[in-house]
Every structure is written in C-alpha cells, then in structure tokens.
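Heads up: the structure comes next, in structure tokens.
The chains referred to below are lettered A, B, ... by the order of the sequence lines, with proteins before strands, and numbering in each begins at 1.
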Amino acid sequence: MQLNREQLLAAYRMMRTIREFEDRVHVEFSAGDIPGFVHLYAGEEASAVGVCMNLDHRDKIASTHRGHGHCIAKGVDVEGMMAEIFGRGSGTCGGKGGSMHIADLEKGMMGANGIVGGGPPLICGAALTAKTLKTGGVAVAFIGDGASNQGTTMESYNLAKAWMLPAIFVVEDNGYAESTSSSWSVSGSQLGRAAGFGIPAVQVDGLDFFAIHEAAREAVERARDGGGPSLIHAKLNRYHGHFEGDAQTYRGNGEIERLRAEHDPLTHFRKRVTEAGLLEGGQLDAIDAAAKSEIDAAVAKAKSAAMPPLAELLTDVYVRY
Amino acid sequence: MQLNREQLLAAYRMMRTIREFEDRVHVEFSAGDIPGFVHLYAGEEASAVGVCMNLDHRDKIASTHRGHGHCIAKGVDVEGMMAEIFGRGSGTCGGKGGSMHIADLEKGMMGANGIVGGGPPLICGAALTAKTLKTGGVAVAFIGDGASNQGTTMESYNLAKAWMLPAIFVVEDNGYAESTSSSWSVSGSQLGRAAGFGIPAVQVDGLDFFAIHEAAREAVERARDGGGPSLIHAKLNRYHGHFEGDAQTYRGNGEIERLRAEHDPLTHFRKRVTEAGLLEGGQLDAIDAAAKSEIDAAVAKAKSAAMPPLAELLTDVYVRY
Amino acid sequence: MAKKSFRQAINEALAQEMRRDPRVVLMGEDVAGGQGAPGEDDAWGGPLGVTKGLMPEFGRERVLDTPITESGFVGAAIGAAATGLRPVAELMFVDFMGVCFDQIFNQAAKFRYMFGGKAVTPVVIRTMYGGGFRAASQHSQCLYPLFTHIPGLKVVIPSSPYDAKGLLIQAIRDDDPVMFFEHKMMYDDMDEVPDEPYTIPFGEANLTREGDDVTVVALGRMVKIANEAADALRKQGVGCTVIDPRTTSPMDTDSILESVEETGRLVVVDEAHPRCGMAADVSALVAQEAFRALKAPIRMVTPPHTPVPFSPALEDAYLPSAARVIEAVRATMA
Amino acid sequence: MAKKSFRQAINEALAQEMRRDPRVVLMGEDVAGGQGAPGEDDAWGGPLGVTKGLMPEFGRERVLDTPITESGFVGAAIGAAATGLRPVAELMFVDFMGVCFDQIFNQAAKFRYMFGGKAVTPVVIRTMYGGGFRAASQHSQCLYPLFTHIPGLKVVIPSSPYDAKGLLIQAIRDDDPVMFFEHKMMYDDMDEVPDEPYTIPFGEANLTREGDDVTVVALGRMVKIANEAADALRKQGVGCTVIDPRTTSPMDTDSILESVEETGRLVVVDEAHPRCGMAADVSALVAQEAFRALKAPIRMVTPPHTPVPFSPALEDAYLPSAARVIEAVRATMA
Ligand SMILES: Cc1ncc(C[n+]2csc(CCOP(=O)(O)OP(=O)(O)O)c2C)c(N)n1
Ligand SMILES: Cc1ncc(C[n+]2csc(CCOP(=O)(O)OP(=O)(O)O)c2C)c(N)n1
Ligand SMILES: [Mg+2]
Ligand SMILES: [Mg+2]
C-alpha cells in the first residue's frame, strides 16, 4: 500500500518522538532523577509505529515492560508519560504505575506490563470484545523474543485460533531477553511455532518500517475480515541495556555502535523516503527539532510537577468497596 | 526391532491387566464402592505399554489424571493401586492420594496428576537429573490432547530442547478433553507444534502396539544418545467416559461400540501375533484368565482392607517440621 | 416461593443477567461442552451441570467453550472486561488457580490502581472449592484466603441458594473483579429462591442465628455446620450468634465487631487451611478492634495444616464438624 | 569475622553447598547470563548480581540459565528434586509466582502427603520480594502469606546477612520444599558472616531486642524497622522484645507466646498485605493461645489494603515505618 506524504511524515514523527523520548529518559535516569525499573525501546521504533499506523480508535494493543514506544505509537500523551515515569501526580496514571504500567484505555492502550507474557491473554479478551460487539476492531499483543517462550503466550496463540479472534501477535525479537540470546532460548522458530498453531505468519526486518507496515496491514485486514489471528516476527535491535543500569557485557564488541550506525530504522526511513523523493530532508529535520523541543518541554514539565497527594495512596483500589 | 516371545507375552499381559483393571473399576464405581473422581484408561493400553516396555529402572514417567494404565505399565503393584482407589490404608499411597495421585517413585512413576499439564515440567526435571548425574535414564511425560494446549506443556517442549534433555513427550490424543473434541481445541497439529520447537516427532496409530513401541524405541534411543527430546503423537480412543459418571452424550451414535469392536488394541495385538505365528491363542487366553483372577483378588483384598488409621491424617506433610 | 437448588440458583442468575445485558458472556472448559464433537452439543454445562442450558439459549457466541488454557481464557475474560464486555469465566476448580493466578492477581486486581483509576474490569470468576467430595489434595482446596489477601479483588462465598443467586447477580453487575466461590458439596442444597432477579450487596453479613453468649463466624459450607452447632447448643442453653460474612473482601467487620461487643466470645469456623487463613483474619480483626469486649480466648475451628486427604476416613476427620464447633464454643465459655 | 553483604552471604552459601554436594544445581533466568550471546558469559548473575561467579566455578551443567518459562523451570527443579538432585531455582521476583504457582503449591508441596510419604522433594526456590525499590505494583509484593498458607511448604524470610547464609544452607540441606525470600532492598546490608558453612534451624526465632513492656514480632526487612523503633522507645523508657521468627512455616510459636506471657502486649509488623497476612496470623495465634496474658488490644502495623504504588511519595507512605511501630507500641501501653 502506498502511504501518502502526510502519513509518511506522521510515521517519521512518531518514530522520532519515541527515539527522542527514550534517549532522553536514558540521560535523565543516569542523572538519578528517575526511580525504579526502566526499559527503553530505542532501536525498535519501526515495529510500534509500523504496526500502530494500521490501527484506529476501535483497536487495542497490549504492551510489555518495554512499553514507551507502543504507548507513543498508539497516541498516549507524551507529557503525561514523562510525568508518569518521574512519578508525578500529573502522570498518565497519576504516578501510581510508572514506566512499567503506563496505560490509557481510552486510546486503546491496555498497558505496559511488568509480567513477561502478561499481554497476549488480555489481547485475546480485547479481540473477543471486538468480535462479540462487532466493533470491527482488532487487538495486537507485542511480545518479546523472551516472552515468546512463556506459556501464557503460546496458550493465547491456540485460543485465538480456536476462537478465530481478530488478534495479531507481534514478536519483537531484539535478540535478547535480558542477557540471554534468543538464538539459545527460542527452540525452533517463531514462524514454525505459528505454523504449528495454524496461524499465518511472516518474518520482517525490523529495520524496515515499510516492511512492518505492510505485514501489519495484511494481518489487520485478515483480522477485520474474520480471518482470525496472525503473527509477525520482527527482527530488530535495542540500543540501550535491558533496563537502565545494565552494563551489557553480554553484547558483542562494538555491537551497539554498529547497530546505531548501520541498523537505525530512522536513518533507514529517511534514506528511503528522501531517495525516492517522497519527502525532503528539511521536512524531516524540522520533525527532529520539533520532537526534541517536545521532549525537552515534557521533561521540564515533569520535573516541576508535584508528587501525587498522599490521599491518592488509598484511592482507585476498587471502583466501589 | 523384533520383540521376542517373552516380551510379546509381557506386553499382552500388561495390556490385558490394564483393561481388566479399568473395566473392573468401572463396575465397582457403578456399584458405589469407589469414592471421588476416577478416569479410566481402557482403550489406550497400547500407548502406556508400548512406551514403557522401552524403559527400565533408570527411567521416569509422569502421568495424568488418567493414570492407572501408566502405573501398571511402569510396574506399580496392582493390589496397592486397587486398595488406593478404594481409599484403604494398604493402598500405594496409604489411601491419601486416590486414583488421581497414585505414584511410586521407586518404580520411576512420578505420579498421576490432578492438574492438566502438571507432568511435563516435572519430566524436564527428571530428565535433568538423569543428564546431570549421568544415569543414562530418560523421562517420559504422558500428555492428553487437552493437556497439549496447556502453557506448562508447551513451555516444557521449549525447555527440554534448550537444555537438550533426554525427555519424551507422548501426546495421547483420544479425541476428547472431557466433552470437547481435539479437532476443535487443538489449533494446528501436534506434529506441527513439535516442529515449531525443533523437536523430532512422529504420529502413530494408538491401536497398534507395535507402532508405538517402535516410535518409543527410537525416541528413547535418541534421548539416551544425547539427541534431546522427542514427541510422539498417538491417536487413540477411550472406551469409558471422561470420568466415571459421564453420560457421554457428546459421542457419536454407536461410537463406543464401534471402537470396542473395531479399534481394540488388544484384539489387534492378538490378531497380529497369532496370524504371524509368534504366539498362540491359548497362551493369550491363559493371560486373560490370569489377569482376571489377579484383578478379582485385588478387588477382594482392597474391599476387605482397613481404612487408614486416623493418625495418618497428620503424617507425611513434611519430612521434618 | 419456589424451592431451587444451589445449582439452579446459579444457572438462573446467569441466565437472567445474560438476558438483561448482552455484554455478559460465559467462558470456560465445557461450560457448554461438546464443541467439535459428533454427539450432543451443550453436552456438559460444566462438570457438575451448573451451566447446562445456557448455550442453547444464548449461542456459542456468548457461551464459549475453551481449550484447557486457564491463563489464556481467564486472561481473555479479564481483557474482555477491560474493553467492554462483562465476562463470567469458570475456573473449574479453584485448585487450578496456580496455572492462571497471574492474570487474576497481577492483571485484573491491579489495573485500576496501577492505571490511576482509568480502568474498569468487571469480570467474575466462578470456581468450585471445598472438601467432602473425596476428590483428594488437588481438587478439594478452599484457597479463598489467597484471593482475599490481594487488594483489588472482591471475594464472594455464598452459603445458600438464596444468597448464591443474589450475590452472583451482584457480582456480574459489580464493576470490580470478583472471585465467586461455589462449594461443590452444596449444589444440591435446596432453598426458597425468588424467580425474579435480585441482588445482595457485598460487605453485608447475614446473621443466620442469634444468641447472646458466643459469636460464631463461619463461611460457605461452614455456615451450615455452625448453624447445626448453634441449634444443638441452643437446646443446651447456650445462645450463639452465627455470622456469615458472605463476602470476605469487602468484609462486614462492623457486624462481627458489634456482635463480639455483645457476646464477648468468638469462634471462627473455616474450611480453608489455618495458616494466614480466614479464621486467623477474623480473629486478628477482633483481637485488634474488640479486644476489650473479649472475655475468653478466641477459638478457631479449621482443618489441620495438611493437604486434603483422599480416603473418606481421613477426609471426614480433616473437615470441621458441628461437634468441633460445639466443643470450641464450650471452650470459650469455660 | 569478615563483614559481608546480604548478597555475598547468599552467594557464599550457594557456592559452599555446591562444593559440598554435587547434587546441588542452580537454575533461573540469567542466573549466569549471557547464554548464547556474543559477549561475556556469566554476564548477569541474576538481575542484582547475587549469583555472579557461580557459573565460572561450577559450569553451565550446574548453573543453568533458562528461557522465560517459570512453570517449566520451577517445575523442572521440583521434578529434579523428586528424582535425586537438590536444585535451587530462582524465581526472580516473587511477583511472578502467578505463572508457576501450580508447580509449587499443588506439586512440590503435596507430593509427600499425596504419595503417602514416598516422595522427598528437596527443592529451594529463592525469590526477591518487598517494596522500596520504586518497582511498582508487579515487582514489589511480599506474598509470603500465600506460601505460608500452603501445607507442605516451608517459608524462610531472613532479616540479616548472617541469617541469610545460615538459613539458606539449612534450606538446601532440608528435605522439604522451601521458599526462600530475599528482600531486594537488603542486598547491600552488611553483617559479620563467618567464612565457614553453618546452618540455622527452621522454626527457631531470633530475639533481636529484649524488653519487658511490649512484644514486637517482625519479619524480614521489618525487623530492622522494629529494632529501630525499639531502640528509640528504649530511650523513652519503654522496653520492647523484638522477635524475628525467621521462618513463617514452621513458625516458632513458643517464643512468641512466651514473650507475650511476659509482656502482655503485642505489636506485629509486617510488610505484606494485611488481609490473611502474617500480621493477622501471628495476632490470631496469640488471641487464641495467650489471650489471658494480654493486657491491651493487639496492634498490627502493615501497609494498607492497596497494591504497591510506584511514586516514591506514595510508596514511602505505603510502607510501614519505625514511626508507625512506635505509635503502635505506645497505643498498646495507653
Ligand atoms: C513472568 C516474568 N518473568 C520474568 C520477568 C523478568 N523479566 C523482565 S523483562 C525480561 C526479559 C524479556 O525479554 P523479551 O521478552 O525478549 O523482551 P525485551 O526485554 O527484549 O524487550 C525478564 C526475564 C518478568 N518481568 N516476568
Ligand atoms: C489445570 C487443569 N484444568 C482443568 C482440569 C479439569 N480437567 C481434568 S481432565 C480434563 C480433560 C483433559 O483432557 P485430555 O488432556 O485430553 O486428557 P484425557 O482426559 O482425554 O485423557 C480437564 C479439563 C484440570 N484437572 N486441571
Ligand atoms: Mg528480547
Ligand atoms: Mg483427551
């Protein structure tokens, strides 16, 4: 499918916003300003954006511990996210969730998840809602290579197929689960597993926004048409540690530098669209600058925002108790 | 592999003992003499026996809620089993386990299991023990078609392959999980799934003791040789209800009668070995009669055995507390 | 009023709510049954027939059989609840919680809090519990203390067909995740149950007996045993107030404390394991909040700290009995 | 004696037991780390480096990295234990129990009983618990009450590096399944820890402070807070006996009851959720067994019935503090 100029600009804007967001959180974390566990998505942007650009307000996604990119791609407010990560009352979740639990159900973002493999069953539920209420919606679970080994994930493949749900499983294979290589931990293959459940699947290069976008488009179409679940195996790379603070000694010599230099989905996108004359460098530079100021502003705002009032400790445990 | 006369007699004896045991438990249950949940294995004998005849004292098996056949095939004492099912103090587990929890670790039988999918992880452990202590042993998990959908089972496939364990997964596909057809509940296929995990697998006709025996022989050999896990998909049939008391209205018209008439692994075995002149009918008749008296005696003994003393309520919660 | 069984009360509550609200769907292993099979459809209605007849009325779109994947389908119920349905999932036996607990206690229970109040997860998980069925260690547990421990969950334990219907309808209409416990030995219990739908609010205890001498708190099937004990004691001149909290989370602490303020004596009867269980929970509440009123040591009547044994001889000794309740009540009066 | 951190104490206990007994093996996600990766092997030693250095000494045959399949590898540890190894599995955070609880509570815990005494399952499951790390709702829970509830499990909660080493060695040598809880905020705590191996028996409490006025029972990291409170109160003329049960199952009920017989006052400090938690469990014990000695209502100091919040401001308010313990002690004296 051809993306028009506006869509291309939007795609680049989202990817750049994610990159800027993540690289900046990295800096702020190092400075000691961000509490807790933080997992960054930089390097994997083409997946979140390539997939989510095929979704609309009817559609739901479930994310992982590495959730910022999915949030941004599904339209969650960036200022709220940054404030949440800083633990402020103005955060998306009032500071009660933090990096690992950003959610915005109104945007169809069902939550980052601190539990590896937590999302796929939830997505079966969201897909069931869509099917039952005939909303036309689809539901997408993002799944790490490590998470692909979790029983909850595999059960969801089978359930989604048995119920013929409009569900899409996106395996974001960045090569590692913490320090463990997916070449070791994943016996067989992602595509082989999908085939084992009778689920149509493709492997795509996570460097390539267009490839992911196209694969997602097909999967979304199949889902909306009642064709049941699909799986996309995206091979991609993470630029930061597993979590902030990870020394990453398990990575190859110069691996990260090489990835940043040669396997950057943003660079790749820029090259593709400018060489094809679809967009001009200046337009993209402007987006880069705008994203930087947007994130600057979000950080400044987050830092100056108030902590949640203590009374919030006891609220929202239940709707009513 | 050619089985010698003695082995053939032993195989038939075990299968007949299982059949006699199960059909008799069915009768005793109907009479109201057996408490609790009881799941019978009649019709599936060729699987337990075909597999276990390849095992020896080094090897372990983990069973399911439908465990009597596996117990008998692995050498658990039939009198103890019957007493256990009747809840007597002389039972294999002192009456504390019952039908769903018969175990005899000295015989390498790690337990029937009340939890669907409970066995496969345990078998990974038993296989790890064998590998670590270099015992030469292998470990076998019996898995129902329903259990093949449980996350614990699929995790075990992956783990066994990643650790290259001497583990064998035998999917006993009797077509139903309770009243639900495996044609509906199992998306994809058992062989496809195994392939997805990079595990060698074969499908065999569970009617045919020889086919199962041969498939198991290969899998055991591979495991003992350090070749890692294998999967066997045995298509077979159960003659009784899911549990005793099940009206089985979900089964086809005359389905069970047809299965008993046309798909009986014992009849099939008898035909094969007598037609090939390996054994004579008289020898098999004698086994039939002996099995009958053995089970008669076991039932009589169980019925006259004492209930466990009340003090047993509090023992064996811990080795030491 | 018509006499109905506990089983019928549950079935009727489900049917009426499904008629009222198209967002209510059912799912679980063989909740209809016969899926893909050559014989009868709706062949089971759950292992004890509780949901039988619902699929023919509401169709497979709303009564969903599932593969044996509790994490998958319980999680799906939760995800569906968070996105607009009001699912009732059946976890056949609560003993199976160990393969799907994460979805319940880390997902459903915490969504609302973690997400700063932005999620609503109206899911009900029905499950069978309890001993007496000779179903052995892995099919006889109570385990509701594990769910009561978790903030964000509501926990309902009806003790009669009347309560079962009213509490289940409340559970389905409730906007929070609810664990709904059905004792497998009570399905044939009969009771007057109104035909029309009605709700019983959570956190309101039911006083099934009144008396001045001792407060007896009991849950689920233990309410019957407590009543039996109270009736026997009444004849012997000892008056017991029997309190059935109906829900352990929220729990009607006021009713318990008020009664102890009057009687000064407390016996808690519970079928769950004793350590960190409901008997301890209620005892601790009273020892903290109504201590001055207490005239005697609190007594807990529970099974011992052992798994549930199979043999009928042992299981009968394992379970609390009216005799043991009577003994405990007498001990508080000594 | 050498000062060692809690982290070092754990590491040393593991190393020494692995040297002593070839059947002791370790497994868990990234317990070594770097499996299949191009860079350093043994890259992690668990997320907080606790098991670092063990793989180089004992090899990958005995320090096994695992895929993210907690049911799979925790179950494997249990199956291995039942067949001759003595595995120590790491469930990284106890919050993840929900994906593997079945193997722990239905398999390991019940084997011996269900099988009539014929199984021995010497498995240790090490796991991180507790708040203060700003790790939010799914990485900050305590949850040991859920395990204490289950007959057949032993539950260990060390409160110091010295205890950690001795209790872990005991756990590994113990023939029953043991859940071993390590507070993630305590790994850098320093203590005198002997170089040689030693064991601390289960079910023997440690009295970390002595005083006549009030008995304070505390667990894990709460022992530090209780000590702090006791020291402050001492200066104000109030004497507290602080009891650290060390293991909640078995629990040293005698030490608790004896102390309450002397002081007549009880405060229980626990970081776990309050409902059906350890604070309730200990309170109930005393209300049943030492009631006559009690001079005042029991006080429980616990977090509120809410998930653990992320924001430091809220989490600090959530966790029990020395100030709250002091207040509770004073309340029992009022
Ligand atoms: C059930 C569970 N097990 C383990 C963890 C700890 N953990 C968090 S992220 C992670 C690695 C996940 O790897 P992958 O799925 O590949 O995602 P990635 O981090 O590479 O994005 C692990 C083991 C967890 N959060 N939940
Ligand atoms: C975790 C769990 N879920 C559900 C059950 C209830 N249950 C017992 S047996 C069974 C069906 C199993 O089917 P299958 O694996 O095909 O074995 P079969 O009964 O056909 O031998 C079910 C659902 C259970 N015991 N454990
Ligand atoms: Mg990864
Ligand atoms: Mg089956």
Side-chain angles (χ1 to χ4, degrees), chain C residues 71 95-107 109-110 113-114 136-138 141 143-152 248-249 251 266 268 272-292 294 296-300 304-307 309-310, chain D residues 71 95-107 109-110 113-114 136-138 141 143-152 248-249 251 266 268 272-292 294 296-300 304-307 309-310:
Chain C
S71 279
D95 311 70
F96 308 160
M97 64 166 283
V99 296
C100 64
F101 193 36
D102 184 73
Q103 289 290 331
I104 301 171
F105 96 101
N106 271 330
Q107 312 295 337
K110 296 183 174 50
Y113 193 80
M114 292 192 303
S137 298
Q138 294 175 343
Q141 298 166 88
L143 302 182
Y144 39 74
L146 306 188
F147 297 90
T148 304
H149 184 65
I150 303 296
T248 62
S249 184
M251 188 162 73
L266 176 67
V268 195
H273 300 309
R275 299 297 314 282
C276 298
M278 275 313 301
D281 190 74
V282 171
S283 299
L285 167 78
V286 168
Q288 171 150 324
E289 304 292 343
F291 174 77
R292 300 286 173 204
L294 278 178
I298 295 169
R299 289 285 148 205
M300 295 181 255
H305 182 66
T306 78
F310 164 65
Chain D
S71 279
D95 310 71
F96 308 159
M97 65 167 281
V99 295
C100 63
F101 192 37
D102 184 72
Q103 289 290 331
I104 301 171
F105 96 102
N106 271 331
Q107 313 295 337
K110 297 184 172 50
Y113 193 81
M114 290 192 306
S137 299
Q138 292 175 342
Q141 297 166 90
L143 303 182
Y144 39 75
L146 306 189
F147 297 91
T148 304
H149 184 66
I150 303 296
T248 61
S249 184
M251 188 162 74
L266 176 67
V268 195
H273 300 309
R275 298 298 312 282
C276 298
M278 276 312 302
D281 190 74
V282 172
S283 300
L285 169 77
V286 169
Q288 171 150 327
E289 303 293 342
F291 173 78
R292 301 284 174 207
L294 277 177
I298 295 169
R299 289 286 147 205
M300 296 181 254
H305 182 67
T306 78
F310 164 65

Using 0.5 Å steps for rounding, measure from the [atom1] atom of [X] to the [atom2] atom of [Y].
X	Y	atom1	atom2	result
Phe101(C)	Phe96(D)	CZ	CZ	15.0 Å
Ser283(D)	Phe291(C)	OG	CZ	12.0 Å
Phe147(D)	Cys276(C)	CZ	SG	12.0 Å
Ile150(C)	Gln141(D)	CD1	CD	6.0 Å
His305(D)	Thr148(C)	NE2	OG1	8.5 Å

Is a side-chain N or O of [X] found less than 3.5 angstrom from the main chain of [Y], in a donor-acceptor match?
X	Y	value
His273(D)	His149(C)	no
Arg275(C)	Thr248(D)	yes
Asn106(C)	Asp95(D)	yes
Gln288(C)	Pro297(D)	no

Partner chain C: residue of [options] with the largest heavy-atom pair count (under 4.5 Å):
options	answer
Pro145(D), Pro151(D), Ala284(D)	Pro151(D)
Arg292(D), Glu289(D), Met251(D), Met114(D)	Arg292(D)
Ala296(D), Ala136(D), Ala109(D)	Ala296(D)
Pro304(D), Pro309(D), Gly152(D)	Pro309(D)
Cys100(D), Pro307(D), Gly277(D), Ala280(D)	Pro307(D)

Fill in the blank from the handout: Under 4.5 Å to a heavy atom of chain D? For Leu294(C) that would be both
Exercise for the section: Heavy-atom distances under 4.5 Å only: say whether Ser71(C) touches chain D with side chain, backbone, both or neither. Expected result: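 Neither part.
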Between [options], which residue shows the highest count of heavy-atom pairs closer than 4.5 Å to chain D?
options	value
Gln138(C), Gln103(C), Met97(C), Arg299(C)	Gln138(C)
Leu143(C), Leu285(C), Leu266(C)	Leu143(C)
Ala279(C), Ser137(C), Ser249(C), Ala272(C)	Ser137(C)
Met278(C), Lys110(C), Gln107(C)	Lys110(C)

Exercise for the section: Please name all residues satisfying salt bridge (charged side-chain N to carboxylate O under 4.0 Å, His left out) with Asp102(C), sequence neighbours left out, ordered by chain then number. Expected result: none
Practice task
With a 4.5 angstrom heavy-atom cut-off, could you sort out which part of Pro274(D) is near chain C: side chain, backbone, both or neither?
Solution key: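 Backbone only.
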Problem - Residue part contacting chain C, namely of Ala290(D), when any heavy atom lies under 4.5 Å - result: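 It is neither, since no heavy atom gets under 4.5 Å.
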